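What follows is one structure encoded as structure tokens, with my remarks underneath.
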Amino acid sequence: MIRDRYRALEESVRMASGGRTRVLLAVKHQPPQAVLEALMAGATLLGHNIIQQLSSSEEALAELAAPPHDTHVIGHVQSNKARAAVTYAGTIQTVDSLKTARRLSTVCRDLSLERGIMIQVNSSGAQSQFGLDPADVPALADQIRALPGLTFTGLMTIGANTDDIAAVRASFATTHKLSDQLRAEGHGCRELSMGMSNDWRIAVDEGSTMIRVGRQVFGERPA
Ligand SMILES: *Cc1c(COP(=O)(O)O)cnc(C)c1O
């Protein structure tokens, strides 16, 4: 079931994007066996919101001799979780402050690691969402460039949380425009992580290089 849904999704995304967009599986609350099934079906990108689950899931997958994969953090990182985040994930998609970037840089240096960093953009203006105001993103990208152990690779956004398709599209378009601006300023901003189960087609239309999907592959989440 997971296998069939993953393969069908991957095919739809390939058709819709002309091969430009990859699928990252959002695996929060999924047991290792379910994640293993997705990896056996060809998944190569995983995303965790919860750092405790990131470490236990990756340890379990290693014991199950799971196929190689690249794991990203897609949830907010508290300072005291920075070490576990960079130990188990190759990219942190959710950096939205210099404080967090500095903390990640420090633990990367301690552990002799190089990690990918994406800036989370609040593209909808909703007060309830994490992420940096688009106007403040270029300055943070410059600051990250100066921090050892970190490589800035792109932007991540949740987008407007509404049934209003025009508003969703506008929030993705804002993020895309920002990534064009950063590239013009010389940043290696090649990834645009946007789109989830219910809005990934809009995100692909608006230039997403990576959609983050959970429910469409795993079904409704276990409690
Ligand atoms: C859970 C989650 C997703 C996936 O959402 P679905 O609706 O399950 O596809 C994507 N991005 C983030 C940050 C998430 O927390």
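It should be emphasised that the depicted structure is a prediction, and the values quoted were computed from it without experimental measurement. Ligands are counted one by one from 1 in listed order, and the atoms in each one are counted from 1 as well.
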Please check this pair: side chain of Arg169 against backbone of Glu206, looking for a donor-acceptor N/O pair closer than 3.5 Å. no
Under 4.0 Å from any heavy atom of Ile158, which atoms of ligand 1 are there? 13 (C)
Minimum heavy-atom distance Cys108-Leu150, with the two atoms named: SG-CD2, 4.0 Å
Ser197 heavy atoms, cut-off 4.0 Å: which ligand 1 atoms fall inside? 6 (P), 7 (O), 9 (O)
Any nitrogen or oxygen of Gly214, side chain or backbone, less than 3.5 Å from one on ligand 1? yes
Whether the side chain of Asp199 engages the backbone of Ile202 through a donor-acceptor N/O pair (distance < 3.5 Å, no angle test) should be reported. no
For Lys28 and ligand 1, answer yes if some heavy atom of the residue is under 4.0 Å from a ligand atom, otherwise no. yes
Any donor-acceptor pair under 3.5 Å linking the side chain of Arg201 with the backbone of Gly195? no
Counting from 1, what ligand 1 atoms have a heavy atom of Val213 closer than 4.0 Å? 9 (O)
Check the orientation of Phe130 and His76. Use parallel for under 30°, tilted for 30 to 60°, and perpendicular for over 60°. parallel
Identify the closest protein heavy atom to atom 10 (C) of ligand 1: which residue and atom is it, and at what distance? Met196 SD, 3.2 Å
Do any N or O atoms from the side chain of Ser171 and from the backbone of Ala160 form a donor-acceptor pair under 3.5 angstrom? yes
Is Gln216 close to ligand 1, meaning an N/O of one under 3.5 Å from an N/O of the other? no
Top protein contact for atom 13 (C) of ligand 1, by heavy-atom distance: Ile74 O, 3.4 Å
Pick whichever of Arg212, Met194, Arg215 has a heavy atom sitting closest to atom 7 (O) of ligand 1. Arg215
With no hydrogens and no angle check, is any side-chain donor or acceptor of Gln216 less than 3.5 Å from a backbone partner on Asn198? no
